[in-house]
Protein chains: 2
Amino acid sequence: MGSCLDKRDKIVLSNPSLDEAYIAIKSGISKRLNLVIIGKCVVDYEGRASSKLEAGERIVLLKSDGSIQIHRPKESMPVNWQPPGALFKTKLEKDRLHIRAYRKTKREVLEVEFIYILVVILIDLTDDAEFNLYASEEDMKRAILYEPSLLEEGFKPLTSEKKVKSGFIDIVGFDKNNVLTVAEIKKDMVNRDAILQLKRYIDSFNLAEKGKIRGILIAPRLGKDSQRLLSTLGFEFKRLSPQICAEILKKKRRKLMTEFLI
Amino acid sequence: MGSCLDKRDKIVLSNPSLDEAYIAIKSGISKRLNLVIIGKCVVDYEGRASSKLEAGERIVLLKSDGSIQIHRPKESMPVNWQPPGALFKTKLEKDRLHIRAYRKTKREVLEVEFIYILVVILIDLTDDAEFNLYASEEDMKRAILYEPSLLEEGFKPLTSEKKVKSGFIDIVGFDKNNVLTVAEIKKDMVNRDAILQLKRYIDSFNLAEKGKIRGILIAPRLGKDSQRLLSTLGFEFKRLSPQICAEILKKKRRKLMTEFLI
DNA sequence: TAATAAATGTCGTTT
DNA sequence: AAACGACGTTTATTA
C-alpha cells in the first residue's frame with residue numbers, strides 16, 4: 001500500500017500484501033541490507049533444543065551479517081534468534097511468507113511464517129563508530145596523567161603528547177630514579193603490533209638516550225604469545241583496567257566540582 | 001515526509017524532520033506503543049558499567065514494557081540496552097532528539113541522541129501466544145540421571161559422563177540385573193548414525209566386558225529403516241520425549257527448592 | 001576446534 | 001530488593 005523510495009538504499013512498505021513484501025524481502029536479503037519486518041507470524045526453532053511459538057504480532061530484525069531476532073512486544077530478549085552467519089531463505093507458499101535462517105555449523109534452523117505483514121523496511125545503514133565500554137584509550141591516558149601512580153609509584157609525566165617520527169607517544173615521563181620512561185596504552189589486550197609500535201617510538205629517540213629508556217605497555221591484559229617479544233625487547237607490562245580509569249576520572253570530576261564550590 | 005496512518009494504532013514516518021519525529025515519539029511513549037526508530041545517533045550509558053558509542057546509524061527498539069535496545073547494523077546482540085521497567089523521556093534540544101531510559105532500581109541511565117532520523121514506527125502489537133521450549137539432549141540426559149526409571153525400572157546410572165576413545169557416552173550404568181548398560185540419547189528420531197555411534201562406544205569397551213553390555217537408544221522416535229540395524233546389532237530402543245524430560249526437570253527444580261527450605 | 005571464564009549478561013523463582 | 005540457578009545463554013580467550 002504505502003511505499004517510500006529515497007536516494008538512500010531504503011524502502012519502507014506499510015501494510016504491503018504478502019506478494020509485495022515477498023519481493024522486497026527477497027531483494028533485501030540478496031542485497032545484504034538490514035530488514036525490519038513487523039507482522040503476525042508463527043515461529044519454529046529446531047536445533048540445540050526445539051521451540052514453537054504460536055501466532056502473534058512481532059518485530060523481526062534481519063541484519064546484514066546474517067543474524068536474525070524475533071522480538072515480542074514485551075521482554076528485552078528476543079524470543080527466538082539466530083547468531084551471525086545464518087543463511088536466509090524466503091518463499092511464498094499457501095498464503096504464508098516463510099523466512100528460514102539456517103546455521104550449518106550447529107545444524108540449527110529457525111523458521112518464521114508470516115500470516116500478514118504490517119511493515120517492511122529495507123535499509124542500508126552505515127556505522128563505523130568505536131564502542132568504548134568503561135573508558136577509551138584517551139580516558140586511560142587522562143587518568144594516568146591525573147594520577148601517575150596508576151602507572152608506578154613516583155612516576156612523573158611530561159607533556160601529555162610527544163610527537164616523534166612514527167606518531168604520537170601516549171605517555172612520556174621519568175620514573176622515581178629519573179629514568180626516561182615511554183608508555184603505550186591499549187584498552188584491550190596487548191598484542192604484537194602494540195609492542196612493535198612502542199619499539200618504533202623508542203627507536204625514534206636519539207641514540208645517546210636510547211640505552212636509558214624504559215618501555216612500558218599499559219593495558220588490561222597481556223597476550224600469552226606477546227610475553228616473549230616483550231622480554232626480548234626489554235619492555236615491561238603494567239596491568240591497568242579501563243574500569244579503574246573510569247572510576248578515577250569520575251572521582252576527579254567530583255573533586256573538581258567540590259573545589260569549585262569552595 | 002512520508003507518513004501513513006491506518007485504522008490500527010500505527011504510524012510510519014519516513015525521513016521525518018526531528019520535530020515531526022519528536023512529536024510522534026513522545027506520543028508513542030505516552031501511549032505505551034512499540035517504537036522502532038532508525039537514524040544516526042550517539043549513545044551514552046552510565047550505570048553498572050559506563051559506555052560511549054560515537055555517531056553511527058542504528059535501529060532502536062523501544063518496547064511497551066519499558067525496555068530499549070540499540071542495534072548496530074551487525075552483531076546479534078544490542079550494543080546498548082536497558083531491561084524492562086525503564087522510564088522513557090524524550091526531548092528536543094540543540095538540533096538533537098534525545099531519548100533517555102532511566103532505571104531507578106539500579107541507578108542506570110541510557111541516553112540516545114539522534115542527529116537525524118530515517119524511519120519512525122509507532123505500533124500497537126498483540127501477542128498473547130504461548131511459547132514452548134522443548135528439552136535439549138543435555139536436558140534429557142539430566143532428566144534421566146535425576147529420574148533413572150525414565151530409562152527403565154531399577155536402572156542405576158554411573159558417573160554422568162564416561163570418556164571412551166570415540167567420544168563421550170551419554171549414559172552408563174547397570175540395569176536391575178546388574179548388567180552394564182550404555183545408552184545414547186537423541187532428541188529427534190533415531191537414525192543410522194546414532195546407532196553406529198552407540199556401536200562405536202560399546203566397541204571401545206574392552207573385549208572381556210563386551211559380551212555383557214546392553215546398548216539402548218533413547219529418543220522420541222525410531223526411524224523406520226533403523227529398526228533392522230538395531231536388531232542386527234542387538235540394541236534396544238526406549239521411547240522418551242523431550243517434553244516429558246522438560247517437565248521432569250521443572251519438577252526437579254521445584255523439589256530442590258522445597259528441600260532446600262526444609 | 002573445543003574448553004573455560006566473564007557478562008551492564010537476562011529471566012524466573014523464592015526469600 | 002536481594003540471592004541463586006539456568007540459559008538454544010553469548011562472547012572472548014587459550015590450548
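Each chain gets a letter, A, B and so on, in the order the sequences are listed, and its residues count up from 1.
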For nucleotides 8-15 of chain D, just jot down a letter per nucleotide in 5' to 3' order: B, S or -, based on protein non-hydrogen atoms under 4.0 Å.
BSSS-SSS

Check whether the side chains of A:S149 and A:E147 place a donor and an acceptor atom closer than 3.5 Å, and report yes or no.
yes

What residues, two or more places apart in sequence or in another chain, satisfy side chain to side chain donor-acceptor pair (under 3.5 Å) together with B:E46?
A:K250

Rounded to whole angstrom units, what separation is found between the CD atom of B:Q69 and the P atom of C:dG9?
16 Å

Which residue pairs pass the salt bridge (Lys or Arg N to Asp or Glu O under 4.0 Å) test when at least one of the two sits in residues 59-83 of chain A, sequence neighbours left out?
A:R72-B:D127

Interatomic distance at P, D:dT11 relative to C:dC11, whole Å
16 Å

Rounding to an integer number of Å, can you tell me how far A:R72 CZ sits from C:dC11 P?
13 Å

With B:E113, the side-chain hydrogen bond (donor to acceptor under 3.5 Å, both in side chains) member among B:K40, B:R100, B:R96
B:R96

Using the P atoms only, state how far D:dG8 lies from D:dC4, rounded to an integer number of Å.
22 Å

Nucleotide pairing, DNA chain D (Watson-Crick or G-U, distances under 3.5 Å), in dot-bracket with [ ] and |:
|||||||.|||||||

Any side-chain heavy atom of A:I144 within less than 4.5 Å of one from A:I185?
yes

Can you pull the salt bridge (Lys or Arg N to Asp or Glu O under 4.0 Å) pairs that have at least one residue in residues 80-91 of chain A, sequence neighbours excluded?
A:K91-A:E93

Distance between C1' atoms of D:dT9 and D:dG5 (Å, rounded)
13 Å

Taking NZ from B:K106 and P from C:dA7, how many angstroms apart are they, rounded to a whole number?
15 Å

Side chain to side chain donor-acceptor pair (under 3.5 Å) partners of residues 236-248 of chain A, not counting sequence neighbours, each pair once:
A:R214-A:E236

Test: B:D203 and B:R200 ion pair at under 4.0 Å:
no

Can you measure B:D65 atom CG to C:dG12 atom P for me and round it to whole angstrom units?
11 Å

